[in-house]
Amino acid sequence: MSRERTYIMVKPDGVERGLVGEIIKRFEQKGYKLQALQALQPSRQHLEQHYGDLKDKPFFPKLVDYMLSGPVVGMVWEGKDVVRVGRVMLGATNPLASAPGTIRGDYAIDVGKNICHGSDSVENAEKEIALWFPNGTLQYTRSVDKLIYE
């Protein structure tokens, strides 16, 4: 089995609306393995580092302020092609362009309140995991994996 990992974060709107469990449920039902889970209130500096690639965008200050508005829930998921498939499960960044059945397609309307973040590449996933989980993640074996993977 591939040991690819991704970072998924439920944003303040998703936490406030009680969607954390639904998002976890979808990743678990797909067959992915949860390696880390943490609710936290990140600092401005932490968010500016996380969204550093967007710092020159006009919406950057509003994004950081929004992300400071409430707690977030960060998760690390492991499994085959989890970065790509995880982003498909989340849906398009613009919820109105997201298909029904995706998290954003089912629960969001505006880009600025689009429920969650998902890593866009394996390399960025590992950077984000190191940023949000500096003490590492759990490593364990699941017996159910033999029912999920060939």
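As the structure is a prediction and not an experimental result, all values here were calculated from the model.
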Take His50 and Met9 through the test side chain to side chain contact (heavy atoms under 4.5 Å, CB included) and record every step on the way to the result.
CA-CA 11 Å; His50 175 80; Met9 177 170 52; 3.9 Å; yes
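- Using a distance-only test at 3.5 Å, with no hydrogens or angles considered, no donor-acceptor pair links the side chain of Glu4 to the main chain of Val122.
- Within the structure, every pair that satisfies the side-chain hydrogen bond (donor to acceptor under 3.5 Å, both in side chains) test and touches residues 103-113, not counting sequence neighbours, is listed here: Arg26-Asp106.
- With rounding to the nearest 0.5 angstrom, the CD1 atom of Ile109 is 7.0 Å from the CG atom of Leu96.
- Partners of Arg84 under the side chain to side chain contact (heavy atoms under 4.5 Å, CB included) rule, at least two apart in sequence or in another chain, are Asp81, Val88.
- Arg87 places a side-chain N or O within donor-acceptor distance of the main-chain N or O of Gly118, the cut-off being under 3.5 Å.
- Among residues at least two apart or in separate chains, side-chain hydrogen bond (donor to acceptor under 3.5 Å, both in side chains) pairs with a member in residues 8-19 are Lys11-Asn114, Asp13-Tyr66.
- Here ring pair (Phe, Tyr, Trp, His ring centres under 6.0 Å) pairs that include residues 68-87, with residues two or more places apart or in two chains, are Phe27-Trp77.
- Val64 and Ile115 are members of different hydrophobic clusters when ILVMFWY side chains are connected at heavy-atom separations under 4.5 Å.
- Separation of atoms CZ (Arg5) and CD (Glu128) is listed at 12.0 Å; rounding is to 0.5 Å.
- Shown here are the side chain to side chain contact (heavy atoms under 4.5 Å, CB included) partners of Ser43, two or more places apart in sequence or in another chain: Gln45, His46.
- Panel note: side chain Gln41, backbone Val72; no donor-acceptor pair is recorded below 3.5 Å.
- Contact check on Glu78 versus Arg3 returns a salt bridge, with a Lys/Arg side-chain nitrogen under 4.0 Å from an Asp/Glu carboxylate oxygen.
- With sequence neighbours excluded, no residue forms a side-chain hydrogen bond (donor to acceptor under 3.5 Å, both in side chains) with Thr6.
- For residues 91-100, there are no side-chain hydrogen bond (donor to acceptor under 3.5 Å, both in side chains) pairs, not counting sequence neighbours.
- When hydrophobic residues (I, L, V, M, F, W, Y) are linked wherever their side-chain heavy atoms come within less than 4.5 Å, the members clustered with Leu138 are Tyr140.
- In terms of hydrophobic clustering, with Ile, Leu, Val, Met, Phe, Trp and Tyr side chains grouped at heavy-atom distances under 4.5 Å, Ile8 and Ile129 are assigned to different clusters.
- Scanning for side chain to side chain contact (heavy atoms under 4.5 Å, CB included) contacts around Gln38 gives Leu40, Phe133, with sequence neighbours left out.
- Judged as a salt bridge (Lys or Arg N to Asp or Glu O under 4.0 Å), and not counting sequence neighbours, Glu28 has no contacts.
- Listed by chain and residue number, nothing satisfies the side-chain hydrogen bond (donor to acceptor under 3.5 Å, both in side chains) test with Gln49 (two or more places apart in sequence, or in another chain).
- Nearest heavy atom pair, residue Asp120 against residue Val83, reads C-CG1, 3.9 Å.
- Atom CD of Glu126 sits about 8.5 Å away from atom OG of Ser119, to the nearest 0.5 Å.
- Between His117 and Tyr7, the angle of the ring planes lies from 30° to 60°, which puts this pair in the tilted group.
- By the side chain to side chain contact (heavy atoms under 4.5 Å, CB included) test, Pro61 pairs with no residue at all, sequence neighbours left out.
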